Amino acid sequence: MNKAIVIIPTYNERDNIEPTISRVFDNFSQIKNWEMHILVVDDTSPDKTYEVVKKLQKKKKYISKLHLLMNKQKVGLGGAYLKGMAKAFGNLKADVVFEFDADLSHDPTKIPLFLDRIEQGDEMVLGSRYIPGGGIPEDWGFYRKVLSRVGNLVARTILTDFSIHDWTGGYRAITKKVYEAVAPEMNSEKFIGYTFQIGFLHKSRSKGFKISEVPYKFRDRTRGKSKMGPEYIKNALSYMIKMKIQTILNHRIFKFLMVGGIGTLVQLITLQLFRAVVPEFDWLFITGFVFATFLSIEAAIVSNFALNNIWTFADRKLKAKQLPLKFIQFNVTSAGSILIQLIVATIGERVFGLFKLLTLPVINYDFDTGTLYVMIGILIGLFWNFFAYNAFIWKKGK
Ligand SMILES: Nc1nc2c(ncn2[C@@H]2O[C@H](COP(=O)(O)OP(=O)(O)OP(=O)(O)O)[C@@H](O)[C@H]2O)c(=O)[nH]1
Ligand SMILES: [Mg+2]
């Protein structure tokens, strides 16, 4: 039988912990397919919450089902969960853990629904306040309602992931597979409060795990003090913005554009260099200038090939012995991009009279407008190049 452990982090929850444990435990009786345990993670609460837990552990109904992990100092919500999960998936041999608050904000009658979803193949299940059937307390003040809703909307917008409706909630079921993939990347100090929830979920999403939501009605704590403050909001926002920037920087199209931009610079700079060193000659149609232009295009091609190989397509990096042939192919596709530019320019001229705008510097070079022509030309060729790189040069593994 598979094992699920409900992890309850506590910090000064002396008045809440007993009713929480007993209500969670009462709901275990309807779960038949899972062996259910509770693990309380207490950071040596000044109000001695752990003493209450130790006393309960001796009660017959809780024996060997109620575990306590104590941290010598306050490690924060994220730290407590990471330590709790390490123990739960480690020597307690859980297959699934739950995140569950000690203040009875989370409805324990929903626990079987989470497990049903896991049995159906979901790898992580979120309790959600913002899907039909879920909710936040009616009596929340205007400010708090707006903050919670707007907070989630901001998270969904910044992370551009609208399939998840509740990013900040702390009621979740997590399978061992997800934990093993995500936990090594979580540094608990950086993930304060809500940021831990957002960060853990964001990483699970990025890794492509199957995640679904179960609605629940959030209830306000009636006893004890909330630990969430304004610094949690600031921390969550700055995390999301950092993540967003990182995601953009890591995006293949961004890298491809950067490499293309560098290639353009290489071409412009080397053209000036080659013009200075290549002697003026006129042999049939080839002049010193045409030759220098050709060399500068080749310099850009070398730069594009090398940078795309080690950066843009680092995940599909070519092997040394593939390089010569692929470099020839790369030259062909680059020539293709120039050809496209010429065709576009010719059609443009015939049909729209755009020839002046789109001519290549080879044909009508003048430094000021030439810069513009190179830019426009490269832009048109970009679509072809990106396609060709993906389809031919750095083809996805067979
Ligand atoms: N072990 C441990 N638990 C913590 C820590 N901070 C918060 N918790 C627990 O984490 C759970 C959630 O914290 P809450 O303060 O209720 O946060 P919240 O639910 O967003 O805020 P409220 O809605 O006001 O209750 C509670 O069970 C807390 O006792 C911590 O530093 N260490
Ligand atoms: Mg709470």
Side-chain angles (χ1 to χ4, degrees), residues 5-24 38-54 67-88 97-108 126-130 134-141 143-152 155 166-172 174 186-201 216-236:
I5 300 183
V6 178
I7 301 179
I8 307 176
T10 54
Y11 196 76
N12 288 343
E13 303 283 6
R14 192 182 177 89
D15 298 333
N16 287 320
I17 193 63
E18 176 158 11
T20 300
I21 289 173
S22 107
R23 287 209 47 206
V24 169
I38 292 176
L39 169 63
V40 175
V41 184
D42 187 78
D43 294 357
T44 318
S45 297
D47 76 351
K48 301 203 168 75
T49 306
Y50 52 89
E51 278 185 358
V52 182
V53 180
K54 281 180 179 163
H67 311 269
L68 172 66
L69 175 66
M70 282 187 64
N71 296 313
K72 289 210 176 63
Q73 48 203 310
K74 195 171 187 309
V75 292
L77 180 74
Y81 269 129
L82 289 175
K83 284 178 194 286
M85 288 181 201
K87 184 181 163 89
V97 299
F98 278 81
E99 292 183 359
F100 200 89
D101 281 2
D103 53 11
L104 283 171
S105 289
H106 300 155
D107 176 3
L126 314 171
S128 183
R129 296 160 292 179
Y130 303 113
I136 50 179
E138 299 272 315
D139 61 355
W140 266 10
Y143 178 69
R144 198 165 167 201
K145 271 185 186 160
V146 168
L147 193 72
S148 180
R149 280 194 178 276
V150 170
N152 264 287
D166 196 340
W167 278 88
T168 51
Y171 189 10
R172 297 173 171 182
I174 297 163
M186 299 292 290
N187 171 353
S188 64
E189 286 151 48
K190 271 198 308 203
F191 295 102
I192 306 169
Y194 299 116
T195 316
F196 176 77
Q197 305 296 6
I198 298 172
F200 199 100
L201 177 53
Y216 78 100
K217 289 200 163 61
F218 186 92
R219 280 188 21 181
D220 251 336
R221 61 161 71 238
T222 50
R223 280 170 277 195
K225 265 209 238 127
S226 167
K227 281 106 207 155
M228 300 293 176
E231 75 279 5
Y232 284 45
I233 298 168
K234 219 183 90 198
N235 189 270

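Quick caveat: nothing in here was measured; it's all calculated off a predicted structure. No hydrogens, no waters, no symmetry mates; every other heavy atom, side chains included, goes into these values. Note that ligands are numbered from 1 as they come in the structure, with each ligand's atoms numbered from 1 the same way.
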Does any donor atom in the side chain of [X] or [Y] lie under 3.5 Å from an acceptor atom in the other side chain?
{"X": "Asp220", "Y": "Ser105", "answer": "no"}
{"X": "Ser128", "Y": "Arg172", "answer": "no"}
{"X": "Asn71", "Y": "Asp43", "answer": "yes"}

Distance-only donor-acceptor hits, side chain of residues 77-88, under 3.5 Å, sequence neighbours excluded:
unit_1 : atom_1 : unit_2 : atom_2 : d
Tyr81  : OH     : Phe100 : N      : 2.9

Those residues that, when tested against Asp101, pass side-chain hydrogen bond (donor to acceptor under 3.5 Å, both in side chains) (two or more places apart):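 Residues passing side-chain hydrogen bond (donor to acceptor under 3.5 Å, both in side chains) with Asp101: none at all.
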Among residues at least two apart in sequence or on other chains, which ones pass side chain to side chain contact (heavy atoms under 4.5 Å, CB included) with Arg219?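 Per chain and number, Arg219 pairs via side chain to side chain contact (heavy atoms under 4.5 Å, CB included) with Arg23.
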For ligand 1, output the ligand-protein N/O contacts shorter than 3.5 angstrom; if there are none, return none.
unit_1   : atom_1 : unit_2 : atom_2 : d
ligand 1 : 1 (N)  : Thr10  : O      : 3.1
ligand 1 : 1 (N)  : Val41  : O      : 3.1
ligand 1 : 1 (N)  : Asp43  : OD1    : 3.1
ligand 1 : 1 (N)  : Asp43  : OD2    : 3.4
ligand 1 : 3 (N)  : Thr10  : N      : 3.4
ligand 1 : 15 (O) : Arg221 : NH2    : 3.4
ligand 1 : 15 (O) : Lys227 : N      : 2.6
ligand 1 : 16 (O) : Asp103 : OD2    : 2.8
ligand 1 : 16 (O) : Arg221 : NH2    : 2.6
ligand 1 : 19 (O) : Asp101 : OD2    : 3.1
ligand 1 : 21 (O) : Ser226 : OG     : 3.2
ligand 1 : 23 (O) : Arg144 : NH2    : 3.0
ligand 1 : 24 (O) : Ser226 : OG     : 2.6
ligand 1 : 25 (O) : Asp103 : OD2    : 3.0
ligand 1 : 25 (O) : Arg221 : NE     : 3.0
ligand 1 : 27 (O) : Pro9   : O      : 2.8
ligand 1 : 27 (O) : Ala102 : N      : 2.8
ligand 1 : 29 (O) : Tyr11  : N      : 3.1
ligand 1 : 29 (O) : Glu13  : OE2    : 2.6
ligand 1 : 31 (O) : Lys74  : NZ     : 2.7
ligand 1 : 31 (O) : Gly76  : N      : 3.1
ligand 1 : 32 (N) : Asp43  : OD2    : 2.6

Of the N, O or S atoms in Asp103, the one nearest the Mg ion (ligand 2): OD2
